[in-house]
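Report on the structure given below.
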Amino acid sequence: MNANEPKPPVIGSLGELLVEFVCLEQDGHNVRAAPYVGPFASGAPGIFIDQAARMGATTIFSGAVGDDAFGQVLRNRLESVDVANTLIRTIKGVPTGSAFVSYNKDGSRDFVFNIAHSAAAHFPTGQEAIAALLAAGITVFHISGSTLGNPAMCAAALEICTALHAADVEISFDPNVRKELLGDPVYLAAVRQLTGIATYFLPSDDDAAVLFPGESFEDFSTKLIASGVKYVVLKRGAIGSTGRNADGTILSVTAHKVDVLDPTGAGDCFCATFVASIVSGADFARALHLANAAGALAVGKVGPMEGNSTLADIKRFLEAQP
Ligand code: ATP
Ligand code: MG
């Protein structure tokens, strides 16, 4: 490649790879014996990288699985969409990470996670990961706040993101805030630090309510854009999404009317569709439009990344809309 040619987009991410089991009955709170369906490949950053790959990006992921059947589920899934596995480790003697989700009639959900004491916590870190990610030519690196809940994972993720940012890699950050951790100054400082270096800042309504209490989207996005964020996009579930770009343009898109079978993962799928669209040349409005459709497709399938879609799937869905 000629030195003057633009670099092809390569998207990276890191963090917990999990298998997920979805309870088929409501209001069981993971306490009552009930049928569950799974294992599904999951983990917020895993959902993101799968969708980025489906959108046609070249992708690489730093993660770890156990030497067990669940680890194979995750390896098979990421290999099936060509996510580079040079930084995916198999850890002997610890099980693959897991999540159990149970939905409630009021729309809330309960999780039981096994992350910090599972293989998921042992993703490659430090110089090994930084050098391999840079050698892969990443132009954007995505981080989910779900990875920051454990102090060792948080410190490792922060070190990698800071080094990549210093090497001119754009950072994409979905805060995925865990409210119970907001009293922990180390966690909160990490969330603030990642917000400060992000090019793409992609919170949900709930995230924004705890990070910018009492502030309107207009208010907090103005501050973020002034501090260097290029895209602030608020994910609003069944309402849709609202975004602002570096020009100050604010756009809102209404959610598509779809049957909701499993909303978990729609946010990660939305983020990946938005980022992958921008890096492959889509303008802001088009990227928001595609991400909004990908989010709608994501909620329509059981399993956190089973509703992920290619650009062709998204176009088909949009053409079929009234
Ligand atoms: P999670 O963290 O569980 O992955 P999130 O809270 O980050 O999710 P959501 O706002 O739930 O993100 O979903 C992302 C996007 O997906 C929304 O902005 C919207 O475009 C689409 N979406 C989500 N829920 C629905 C729905 N019920 N109907 C249509 N579209 C939806
Ligand atoms: Mg989210």
Side-chain angles (χ1 to χ4, degrees), residues 13 15-16 18 20 22 40-52 55 99-111 113 115 142-149 172-179 191 200-211 217 231-244 250-277 284-309 313-314 317-318 320-322:
S13 188
E16 68 281 10
L18 311 175
E20 189 156 320
V22 182
F40 292 112
S42 187
I47 301 166
F48 176 96
I49 208 71
D50 177 89
Q51 177 62 11
M55 288 294 294
F100 291 76
V101 63
S102 179
Y103 290 102
N104 302 314
K105 288 202 182 70
D106 67 4
S108 63
R109 59 194 167 171
D110 297 301
F111 280 104
F113 286 113
I115 301 176
H142 179 78
I143 172 97
S144 165
S146 58
T147 307
L148 309 174
S172 159
F173 180 42
D174 174 353
N176 263 330
V177 168
R178 289 192 37 205
K179 283 184 195 152
V191 171
Y200 302 84
F201 180 68
L202 310 165
S204 67
D205 260 341
D206 287 350
D207 296 340
V210 292
L211 293 175
F217 175 78
Y231 299 94
V232 181
V233 183
L234 188 62
K235 293 166 287 170
R236 311 201 62 202
I239 296 172
S241 56
T242 296
R244 180 177 210 144
I250 294 184
L251 295 175
S252 290
V253 284
T254 307
H256 296 281
K257 297 225 174 322
V258 289
D259 289 334
V260 180
L261 293 183
D262 185 356
T264 301
D268 311 304
C269 174
F270 178 102
C271 293
T273 309
F274 183 79
V275 172
S277 299
F284 174 47
R286 175 84 180 145
L288 200 62
H289 192 57
L290 293 173
N292 192 53
L297 280 169
V299 302
K301 290 235 172 95
V302 176
M305 60 170 99
E306 302 316 303
N308 281 358
S309 48
D313 296 330
I314 297 170
F317 171 77
L318 284 169
Q321 292 307 295

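The model shown is predicted, which means the values in this text are computed figures rather than measured ones. Order of listing sets the numbers, starting from 1, for every ligand and every atom in it.
When heavy-atom distances to ligand 1 are checked against a 4.0 Å cut-off, His256 comes that close only through its backbone atoms N, CA, C and O. Residue-level proximity to ligand 1 for Ala266 is carried by backbone and side chain together, each with a heavy atom below 4.0 angstrom. In Val258, the part holding a heavy atom less than 4.0 Å from any atom of ligand 1 is the side chain. Both the backbone and the side chain of Asn292 come within contact range of ligand 1, each with a heavy atom under 4.0 Å. Contacts between Val260 and ligand 1 below 4.0 angstrom, taking non-hydrogen atoms only, involve the side chain exclusively. Using a 4.0 Å cut-off between heavy atoms, Ile47 makes no contact with ligand 1 at all.
Using cut-offs of 30° and 60° for the angle between ring planes, the Phe48 and His142 rings count as parallel. Using cut-offs of 30° and 60° for the angle between ring planes, the Phe274 and Tyr231 rings count as perpendicular.
Note that NE2 of His256 is 5.0 Å distant from CZ of Phe317, once rounded to the nearest 0.5 Å. Between atom CZ of residue Phe111 and atom OG of residue Ser102 there is a gap of 10.0 Å, rounded to the nearest 0.5 Å.
By the 3.5 Å distance cut-off applied to N or O atoms, Arg109 is counted among the residues near ligand 1. At under 3.5 Å, a nitrogen or oxygen of Gly265, whether backbone or side chain, sits near a nitrogen or oxygen of ligand 1. Ligand 1 has no N or O atom lying under 3.5 Å from any N or O atom of Ala291, backbone or side chain. Here's the thing with Lys235: one of its N/O atoms is less than 3.5 angstrom from an N/O atom of ligand 1. Residue-to-ligand polar distances keep Thr264 apart from ligand 1: every N/O pair is separated by 3.5 Å or more.
For the ligand labelled ligand 1, residue His289 lies outside the 4.0 Å heavy-atom shell.
For the pair Cys269/Met305, no side-chain contact is recorded, criterion being any heavy-atom separation below 4.5 Å from C-beta on.
Of all the atoms in ligand 1, the ones that sit under 4.0 Å from a non-hydrogen atom of Val299 are 23 (C), 24 (N), 25 (C). Taking every heavy atom of Asn176 and a limit of under 4.0 angstrom, the matching atoms of ligand 1 come to 2 (O).
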Q. Are Lys235 and Asp174 close enough, and set up right, to give a side-chain contact (heavy atoms from CB on, under 4.5 Å), and what steps lead you there?
A. CA-CA 10 Å; Lys235 293 166 287 170; Asp174 174 353; 2.9 Å; yes

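Residues that satisfy the salt bridge (Lys or Arg N to Asp or Glu O under 4.0 Å) test with Arg178, not counting sequence neighbours, are Glu180. For Lys105, the salt bridge (Lys or Arg N to Asp or Glu O under 4.0 Å) criterion is met by Asp27, not counting sequence neighbours.
Nearest-heavy-atom check against atom 14 (C) of ligand 1 across Gly240, Gly267, Ala298 picks out Gly267.
In this structure, Ser204 contributes its side chain and Asp207 its backbone to a donor-acceptor pair below 3.5 Å.
The residue from Val253, Asp205, Leu234 that alone fulfils the side-chain contact (heavy atoms from CB on, under 4.5 Å) condition with Ser241 is Val253.
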